[in-house]
Amino acid sequence: MKIKQPKPFTFEEGERAVLLLHGFTGHSADVRMLGRFLQKHGYTSHAPIYRGHGQELEALIDARPEQWWEDVREALNHLKELGYEKIAVAGLSLGGVLGLKLAYSEPLKGVITMCSPMFFDNEKQLTQGFEFKARQYKQLEGKDQETIDQEVEDMLEKSEPMFQELGKLIESVHDDVDQIYTPTFVVQAEQDDMINTESANYIYEQVEADQKDIKWYKNSGHVITMDKEKEQLHEDVLAFLESLDWS
């Protein structure tokens, strides 16, 4: 069975723009509903897909966090080339880590992190998530169980260097969060079993912004943008964006 590959999106609306960043092993669908919601309320949004994402999981083995960082910088430049100067960033999981890195590297109007890891103490969960997605994809391709088992085992072995680099990215951002003066909204799902949820408190406490807020969502899991409380999340993200100084 041929699987339809996701694409980046740009929803143009008002002069205020939001860069939407997806999670590890995810793609633009992670943040598409949020993008459409923001468009209805006068915001432009753009969501890239990082290298190695949005296709078979083998493609991730050779991808590296420095490439994902380049993809995020290019996505920001894409918005600037379209003429947008007032830009905020909202990122899910890995997207939030990259968003924080962007917030201490570039002038932004605001930064929103959603279920973003600050501690690389969860390699097992990340590997399990990676394995789960890989199996799911291979089942959709119609492969038999024996083939899937063999391919996944081989893939996990080859992906170790990528996970080591991912750990280094998380740790480097962890150490530099206190350089952020950009208004910050920290979102965390209480049912998140993919990351250490103490990450949310860490971000909130370390960020040096005068304007910062944190909110916990009781009934949501890691991919909060597509979970039970997504409508509430949309409203809260909009309220934060509306509170910013866009002048």
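Atom set for the values below is all heavy atoms of this structure, side chains included, hydrogens, waters and symmetry mates excluded. Throughout, residue positions are numbered sequentially from 1 according to the sequence presented.
Just one residue in the list Arg51, Lys101, Arg64 forms a salt bridge (Lys or Arg N to Asp or Glu O under 4.0 Å) with Glu70, and that residue is Arg51.
At a threshold of 4.0 Å, the pair Lys215-Asp236 counts as salt-bridged, since one of the basic side-chain nitrogens sits closer than that to a carboxylate oxygen. Note on Glu66 versus Lys168: no salt bridge recorded, every NZ/NE/NH1/NH2 to OD/OE distance being 4.0 Å or above. Between Asp62 and Lys158, no side-chain nitrogen of the basic residue sits less than 4.0 Å from a carboxylate oxygen of the acidic one, so the salt-bridge criterion is not met. Under the 4.0 Å criterion applied to side-chain N and carboxylate O atoms, Glu58 and Lys138 are assigned as salt-bridge partners. By the 4.0 Å N-to-carboxylate-O rule, Arg73 lies close enough to Glu106 to be salt-bridged with it.
Note that CD1 of Ile195 is 12.5 Å distant from CZ of Phe120, once rounded to the nearest 0.5 Å. Here Leu108 contributes atom CG and Leu76 contributes atom CG; the two are 6.5 Å apart, rounded to the nearest 0.5 Å. Atom OG of Ser93 sits about 7.5 Å away from atom CG of Asp192, to the nearest 0.5 Å. From Gln232, atom CD reaches atom CG of Asn219 across 11.0 Å, with rounding to the nearest 0.5 Å. Between Tyr43 atom OH and Leu238 atom CG the span is 6.0 Å, to the nearest 0.5 Å. Distance OH/Tyr181 to CG/Asp178: 7.0 Å, rounded to 0.5 Å.
Under the 3.5 Å distance criterion, the side-chain polar atoms of His222 are left unmatched by any main-chain donor or acceptor of Asp193. A donor-acceptor pair under 3.5 Å links the side-chain atoms of Asp30 to the main chain of Gly23, judged by distance alone. A donor-acceptor pair is defined here as one N or O able to donate and one able to accept, closer than 3.5 Å; such a pair exists between the side chain of Trp246 and the backbone of Leu241. Here the side chain of Ser116 pairs no donor or acceptor atom with the backbone of Thr113 at under 3.5 angstrom. The backbone N or O of Trp216 sits nowhere less than 3.5 Å from a side-chain atom of Glu190 that would complete a donor-acceptor pair. Within the 3.5 Å criterion, the main-chain N or O of Phe119 finds no donor-acceptor partner in the side chain of Asn196.
For Asp210, the CG atom counts as loosely surrounded, since its 6.0 Å shell holds 12 or fewer non-hydrogen atoms of other residues, nucleotides or ligands. More than 12 non-hydrogen atoms from other residues, nucleotides or ligands lie less than 6.0 angstrom from NZ of Lys230. The environment of Glu171 atom CD is dense: over 12 non-hydrogen atoms of other residues, nucleotides or ligands sit within 6.0 angstrom. No more than 12 heavy-atom neighbours from other residues, nucleotides or ligands sit within 6.0 angstrom of NZ on Lys7.
Between Met155 and Leu57, the closest side-chain pair of non-hydrogen atoms falls below 4.5 Å. By the 4.5 Å heavy-atom criterion applied to side chains, Gln188 and Cys115 are counted as neighbours. You'll find the side chain of Met33 reaches within 4.5 Å of the side chain of His234, heavy atoms only. Leu244 places a side-chain heavy atom less than 4.5 Å from the side chain of Gln211. Using a 4.5 Å heavy-atom cutoff, the side chains of Leu21 and Leu92 are not in contact. With contacts defined as side-chain heavy-atom distances shorter than 4.5 Å, the pair Val237/Leu34 qualifies. Between Glu208 and Gln179, every side-chain heavy-atom pair lies at or beyond the 4.5 Å cut-off. Inter-residue side-chain proximity for Leu94 and Leu166 is flagged as met; some heavy-atom pair is nearer than 4.5 Å.
Closest of all the heavy-atom pairs between Leu19 and Val72 is CD2-O, 4.1 Å. Ala200 and Ile214 get closest at one heavy-atom pair: O-CD1, 3.6 Å. What you find for Val97 and Pro117 is that their closest heavy atoms are CG2-O, 3.3 Å. Of all the heavy atoms in Leu79 and Ile87, the pair that sits closest is CB-CD1, 3.9 Å. The two residues Lys109 and Asp245 come nearest to each other via the heavy atoms CD-O, 3.4 Å. Minimum heavy-atom separation, Ala75 to Pro48: CB-CG, 3.6 Å.
In summary, the side chains of Ser172 and Asp175 do not present any donor paired with an acceptor at a separation below 3.5 Å, with no hydrogens or angles considered. Asn77 and Glu74 share no side-chain donor-acceptor pair at under 3.5 Å. Residues Asp154 and Gln150 bring no donor and acceptor atom of their side chains to less than 3.5 Å of each other. Side-chain polar atoms of Thr25 and His53 form no donor-acceptor pair below 3.5 angstrom. When only modelled atom types and interatomic distance are considered, Tyr84 and Glu12 share a side-chain donor-acceptor pair under 3.5 Å. Side-chain atoms of Ser28 and His22 form no donor-acceptor pair, as typed in the model, at a separation below 3.5 Å. Judged purely by distance below 3.5 Å, without hydrogens or angles, the side chains of Glu229 and Ser220 pair a donor atom with an acceptor atom.
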(request) Evaluate the side-chain hydrogen bond (donor to acceptor under 3.5 Å, both in side chains) criterion for residues Asp71 and Gln67: first the C-alpha distance (whole Å), next the side-chain angles of each, then the deciding distance (0.1 Å), finally the verdict. (result) CA-CA 6 Å; Asp71 297 337; Gln67 293 178 313; over 6 Å; no
(message) One pair to check against side chain to side chain contact (heavy atoms under 4.5 Å, CB included): Thr147 and Asp144. What are the steps and the verdict?
(response) CA-CA 6 Å; Thr147 305; Asp144 64 82; 2.8 Å; yes
(request) Carefully, step by step, assess Gln39 and Thr44 under the rule side-chain hydrogen bond (donor to acceptor under 3.5 Å, both in side chains). (result) CA-CA 6 Å; Gln39 185 185 25; Thr44 289; over 6 Å; no
(request) For Leu169 and Leu98, run side chain to side chain contact (heavy atoms under 4.5 Å, CB included): C-alpha distance rounded to whole Å, both residues' side-chain angles, the deciding distance at 0.1 Å, then the answer. (result) CA-CA 9 Å; Leu169 168 72; Leu98 292 164; 4.1 Å; yes
(message) Under the criterion side chain to side chain contact (heavy atoms under 4.5 Å, CB included), I'd like the reasoning laid out for Ile61 against Met162: C-alpha separation, chi angles, the key distance, then a yes or no.
(response) CA-CA 6 Å; Ile61 292 170; Met162 181 268 292; 5.9 Å; no
(message) With side chain to side chain contact (heavy atoms under 4.5 Å, CB included) as the criterion, how do Leu102 and Leu100 come out once you've worked through the C-alpha distance, each side chain's angles and the decisive distance to 0.1 Å?
(response) CA-CA 5 Å; Leu102 205 58; Leu100 289 168; over 6 Å; no
(request) Carefully, step by step, assess Phe9 and Phe11 under the rule ring pair (Phe, Tyr, Trp, His ring centres under 6.0 Å). (result) CA-CA 7 Å; Phe9 66 75; Phe11 300 148; 4.2 Å; yes
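Between His27 and Tyr50, the gap from one ring centroid to the other reaches at least 6.0 Å. Phe24 has its ring centre less than 6.0 Å from the ring centre of Phe163. Two rings, from Tyr202 and His174, have their centers less than 6.0 Å apart.
Residues Ile224 and Val89 do not share a hydrophobic cluster, defined by chaining ILVMFWY side chains whose heavy atoms lie under 4.5 Å apart. Both Val111 and Val207 are members of a single hydrophobic cluster when ILVMFWY side chains are connected at heavy-atom separations under 4.5 Å.
In this structure, Lys212 forms a cation-pi arrangement with Tyr204, its terminal cationic atom sitting closer than 6.0 Å to the ring centre and no more than 45° off the ring axis.
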